[in-house]
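Below is one structure, written out as structure tokens; the observations come after it.
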Amino acid sequence: QVQLVESGGGLVQPGDSLRLSCTASIGTASHLTMAWFRQAPGKEREFVTSITGNAGSTNYAYSVKGRFTVSRDNAKGTLDLQMNSLKSDDTAVYYCAGGQTDWPTPTRSAYDYWGQGTQVTVSS
């Protein structure tokens, strides 16, 4: 069983940057494709970005492409999300997820392991 713990959320102003991190309990989840999802109040959980185990392939939601960057360090067992030019629409709880899939799918059901989430609030 893989346990994922997110950190780095907080309150920022529009245009600011924020970096989220996710740590896997087993030290490394290098065999898993990892992803970030987010859920705003009253909305469905939506895909943000994903990255394959070897970091060879990434996928981004259109709404964050060019502003967010996903990366991973398999030696440390960490997954990061660098978020730049944040907007109020980015306000949500951000979840780290891991799945045994060979490509960076945006499909929620492909991910078996989930963190508890970290709140990101973008407000002036």
Side-chain angles (χ1 to χ4, degrees):
Q1 183 74 12
V2 178
Q3 292 185 331
L4 304 173
V5 178
E6 303 94 338
S7 61
L11 171 63
V12 296
Q13 295 186 341
D16 284 354
S17 297
L18 198 62
R19 189 176 185 89
L20 304 183
S21 292
C22 172
T23 302
S25 63
I26 58 172
T28 177
S30 59
H31 61 294
L32 299 177
T33 288
M34 301 297 293
W36 289 96
F37 286 76
R38 67 186 182 186
Q39 188 166 16
K43 294 188 177 181
E44 294 283 323
R45 191 171 298 188
E46 66 174 8
F47 170 78
V48 176
T49 182
S50 54
I51 183 169
T52 52
N54 62 1
S57 296
T58 57
N59 192 10
Y60 292 91
Y62 178 80
S63 60
V64 306
K65 194 172 293 186
R67 299 188 298 123
F68 291 10
T69 303
V70 65
S71 61
R72 65 189 297 166
D73 186 332
N74 287 335
K76 297 180 179 178
T78 57
L79 172 75
D80 290 334
L81 180 64
Q82 178 66 42
M83 304 185 293
N84 298 329
S85 303
L86 283 162
K87 308 174 182 179
S88 57
D89 287 347
D90 296 317
T91 295
V93 177
Y94 283 71
Y95 296 90
C96 170
Q100 296 179 346
T101 175
D102 292 332
W103 74 288
T105 178
T107 304
R108 194 170 73 181
S109 61
Y111 295 92
D112 301 308
Y113 308 107
W114 293 84
Q116 293 300 307
T118 186
Q119 177 70 47
V120 173
T121 302
V122 184
S123 175
S124 56

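Note: hydrogens, waters and symmetry copies are ignored here, and every other heavy atom, side chains too, is used. This is a predicted model, so every value here is computed, not measured.
- A donor-acceptor pair under 3.5 Å links the side-chain atoms of Thr52 to the main chain of Ser57, judged by distance alone.
- Residues Arg72 and Leu32 share a closest heavy-atom pair of NH1-O, 2.8 Å.
- Pairing each heavy atom of Val2 with each of Ala24, the nearest pair is CG1-CB, 4.3 Å.
- A distance of 11.5 Å separates CG in Leu86 from CD in Gln13, rounded to the nearest 0.5 Å.
- For Glu6 (side chain) and Gln116 (main-chain N/O), a donor-acceptor pair under 3.5 Å exists by modelled atom type.
- Considering every non-hydrogen atom in both Val70 and Tyr60, the closest pair reads N-OH, 2.9 Å.
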Step by step, work out the side chain to side chain contact (heavy atoms under 4.5 Å, CB included) result for Gln100 and Tyr113. CA-CA 10 Å; Gln100 296 179 346; Tyr113 308 107; 4.2 Å; yes
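- Heavy atoms only, all atoms of each residue included: Ser50 and Pro104 are closest at OG-O, 2.8 Å.
- For the pair Thr33 and Thr101, the tightest heavy-atom approach, listed with the atom from each and the gap, is OG1-O, 2.7 Å.
- Note that the SG atom of Cys96 and the CG atom of Asp80 stand 10.0 Å from one another [nearest 0.5 Å].
- Although no hydrogens or angles enter the test, the distance criterion places no donor-acceptor pair under 3.5 Å between the side chain of Thr121 and the main chain of Leu11.
- Annotation for Phe47: hydrophobic cluster partners, listed by chain and number, are Phe37, Val93, Tyr95, Tyr111, Trp114 (ILVMFWY side-chain heavy atoms under 4.5 Å, direct or chained).
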Side chain to side chain contact (heavy atoms under 4.5 Å, CB included) for Arg67 and Met83? Distances and angles first, verdict last. CA-CA 6 Å; Arg67 299 188 298 123; Met83 304 185 293; over 6 Å; no
Going through the distances and angles, do Ser63 and Arg38 end up as a side chain to side chain contact (heavy atoms under 4.5 Å, CB included)? CA-CA 12 Å; Ser63 60; Arg38 67 186 182 186; 3.5 Å; yes
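- Note that CG of Leu79 and OG1 of Thr49 are 8.5 Å apart. Values are rounded to the nearest 0.5 Å.
- For Gln82 and Asn84, the side-chain atoms include at least one donor-acceptor pair closer than 3.5 Å.
- Between Thr91 and Ser123, every side-chain heavy-atom pair lies at or beyond the 4.5 Å cut-off.
- Crowding of Gln119 atom CD: a count of heavy atoms from other residues, nucleotides or ligands under 6.0 Å exceeding 12.
- Taken from CZ in Arg19 to OG1 in Thr69, the straight-line distance is 8.5 Å, to the nearest 0.5 Å.
- Counting all heavy atoms, side chain and backbone alike, Ser71 lies closest to Ile51 at CA-CD1, 4.1 Å.
- Qualifying side-chain hydrogen bond (donor to acceptor under 3.5 Å, both in side chains) partners for Thr107, counting only residues two or more places apart in sequence or in other chains: Thr105.
- Here Trp36 contributes atom CH2 and Leu20 contributes atom CG; the two are 5.0 Å apart, rounded to the nearest 0.5 Å.
- Summarising the geometry, atom OG1 belonging to Thr78 is positioned 4.5 Å from atom CG belonging to Asp73; distances are rounded to the nearest 0.5 Å.
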